[in-house]
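Naming: A, B, ... by sequence-line order, numbering from 1 per chain.
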Amino acid sequence: MEIIAKSLTKIYDGKYKALDTVDLDINLNGIFSIIGKNGAGKTTLIRILSTQLMPTSGTAILNGHDILREAGKVREEIAAVPQEARAVPWLTPIQTVTSYLMWRGYTFSKAKQMGLDALRSMGLENLENQKNRKLSGGQKRKLMVATVIASEASIIFLDEPTTGLDYISRKELWEILRKLKKDRLIILTTHYLEEAEVLGDLITILDKGKIMDSGTIGDLRSKIKYPFVLKVYSPQFDIEMKNGRISRVSDNEFFIYGSESEIYSLVQDMINRKVRFTVEEVSLSNIFENLVGGGEED
Amino acid sequence: MKRIKRSVYSQVTASILVNSIYAMMNYPVLLINTLLAPLSLLAVVTFASHGRLLPVAAEGALIMNMVQSGTSLQGDLSHLKNDMRLQDMIVSSPTPAMIYIFGMAISEIVYSIPTLTLLIILNLLFVKTTIIGGMVIFFDMATIFTFSISLGFLLSTFSSDIIQSWAFSGILSPILTTLPPVYYPISYIPYPYRYLSYLSPTTYAAEIAQNSTGFANLGVENYAISWLILIGITVLLTYLALRRSRWREV
Ligand SMILES: Nc1ncnc2c1ncn2[C@@H]1O[C@H](COP(=O)(O)OP(=O)(O)OP(=O)(O)O)[C@@H](O)[C@H]1O
Ligand SMILES: [Mg+2]
């Protein structure tokens, strides 16, 4: 599955630039995660790629079809759950999935069968005949995801599918997405960086409408200045770093970021000082902070 | 790539199931909702005219029912689009806009089956016309239905909020049905106001219906003009709905 975006730009109301010449070249059967702060442009990007929203300029090609000139062909291959999609309250889960699949052109009986399978895979089988309005917030989110994964679409857009899910449900959804990704491309946005790191075969970091960085988690790590972190659990601490960054996390916790060699050169020192410490590769959240900075806008 | 054969029948049925059958099963009060407005105005006009205008009002109620289909379509589409984001999900799928909307339009008819049944019975009992006249009334109603469905769709694509679409409905219903000579003969309106009533397409539809039941005598020329204008407005609006409405947002 393939998505190529060429200089996608979106200016809302003639003045607000929500996306700024975004280029993408994704050729993947797997999960592509988009992360970024609130207002970074994630939803805008997803809506443009999934043909819900016109770009101001630029275009994108999905599996060889242009989103502007061949929207019909693009739509044959995609499915999307918008960030604010809500289950229609007067339907039951099985009616929700079945009707969506019927809109995609499946016969009632086929749609119902596929729907039941999808609900089962999301752990909603006992609720299939309950009214949607009686479902919990997380159950409703799962239902929306079940709806699209039941379909044959080869490119699936999920805008914050796990927001509001408990930790267990989130991990269940990860398992489902992992199974699904074998022959599909799943574009997923999330604010859970752990999720992007665990799931994302490719990760893109968006900030103020621009792509800050893209690649596998390894690629992202390799590009940053301080890919390793030494976590020291000690109240007192004094050390000279030539090029590194020390940040005090709490009264008796320090994090030292640096290159691999630099960090390991400090290890002997830590042993001599008899302090407790760990050495880790930085996580996506560190990379994210590094690239887009603290939450000055949040 | 898996290619599936998509059934248009299923696609249309999905709209009907979601928007009318399942909704009605869930909220039976919806059935009364569509019934009330056309029938209460019919009752008022009938009583006020000592029964004389019942045939006109029975036609009028049919017209109002068609217009209501359009305004409810507008509200339903807006609700599903803005509050559920269902339309976004449909846009990002192989369902063509036309088929989704067509299904939704049919669902509005399904909604008003109780009203239609009652009105058709009233028409059969109290309205005297010929078979040709009956057919004319049928096409007349089909045209005004197409007009209001197109208008409803057009408005829904521009509404960003259900409150806004309630306002649209609140405006459309009186200016298209209560005020113009839909429930009463146009000759009841004194000049110069009579000219104003020709601003509403429902006036032409009502005149055509009244002509078939003997409550108006248009003459060949005016009769043809009424049809021309009614069809003209309908074609224009359908064209606009297809061309100008925002399926993909800008
Ligand atoms: N319809 C709109 N009209 C005007 N501005 C908009 C519109 N939609 C989004 N924006 C603006 O564009 C920017 C990007 O919004 P977008 O919804 O793409 O962000 P996001 O990354 O999805 O954020 P979040 O994490 O909060 O969902 C925001 O600053 C927002 O205010
Ligand atoms: Mg968003």
* To do: State which residues pass ring-ring contact (aromatic ring centres under 6.0 Å, His included) with A:Phe157; sequence neighbours excluded, sorted by chain then number.
  => none

Contacting moiety of [X], where chain B heavy atoms sit under 4.5 Å:
X: A:Val74; value: neither
X: A:Ala153; value: neither
X: A:Tyr100; value: side chain
X: A:Thr147; value: side chain
X: A:Leu91; value: side chain
X: A:Ala111; value: neither
X: A:Ile67; value: both

* Structure fact -> Interface check, chain B: of A:Ser99, A:Ala87, A:Pro82, A:Gly72, most non-hydrogen pairs under 4.5 Å belong to A:Pro82

* **Selection from A:Met54, A:Gln83, A:Arg86, A:Arg75 maximising heavy-atom pairs under 4.5 Å formed with chain B** => A:Arg75

* Asked: A:Glu152 and A:Arg104: salt bridge (Lys or Arg N to Asp or Glu O under 4.0 Å), yes or no, with the steps?
  -> CA-CA 9 Å; A:Glu152 83 295 352; A:Arg104 293 190 75 103; 3.3 Å; yes

* To do: Mark yes or no: A:Lys15 above the aromatic ring of A:Tyr12, with NZ or CZ under 6.0 Å from the six-membered ring centre and no more than 45 degrees from the axis.
  => no

* Beyond-backbone contact of A:Ile187 with A:Leu158, side-chain heavy atoms, under 4.5 angstrom -> no

* To do: Check whether any side-chain heavy atom of B:Thr202 lies under 4.5 Å from a side-chain heavy atom of B:Met66, and answer yes or no.
  => no

* Asked: Going by distance alone, is a donor N or O of one side chain under 3.5 Å from an acceptor N or O of the other, for A:Asn129 and A:Gln95?
  -> no

Is any NZ, NE, NH1 or NH2 atom of the basic residue among [X] and [Y] found under 4.0 Å from an Asp or Glu carboxylate oxygen of the other?
X: A:Arg47; Y: B:Asp88; answer: yes
X: A:Glu128; Y: A:Lys112; answer: no
X: A:Asp201; Y: A:Lys181; answer: yes
X: A:Lys142; Y: A:Glu172; answer: yes

* Structure fact -> So, the part of B:Tyr27 with a heavy atom under 4.5 Å from chain A: the answer is side chain

* Heavy-atom closest contact (B:Pro114 atom, B:Leu35 atom, distance) -> C-CD1, 3.8 Å

* Structure fact -> Those residues of residues 89-100 of chain B that come under 4.5 Å of chain A on a heavy-atom basis, listed by number, are B:Met89, B:Ile90, B:Val91, B:Ser92, B:Ser93, B:Pro94, B:Thr95, B:Tyr100

* To do: Return the option, out of B:Arg85, B:Gln87, B:Met25, with the maximum number of heavy-atom pairs under 4.5 Å with chain A.
  => B:Arg85

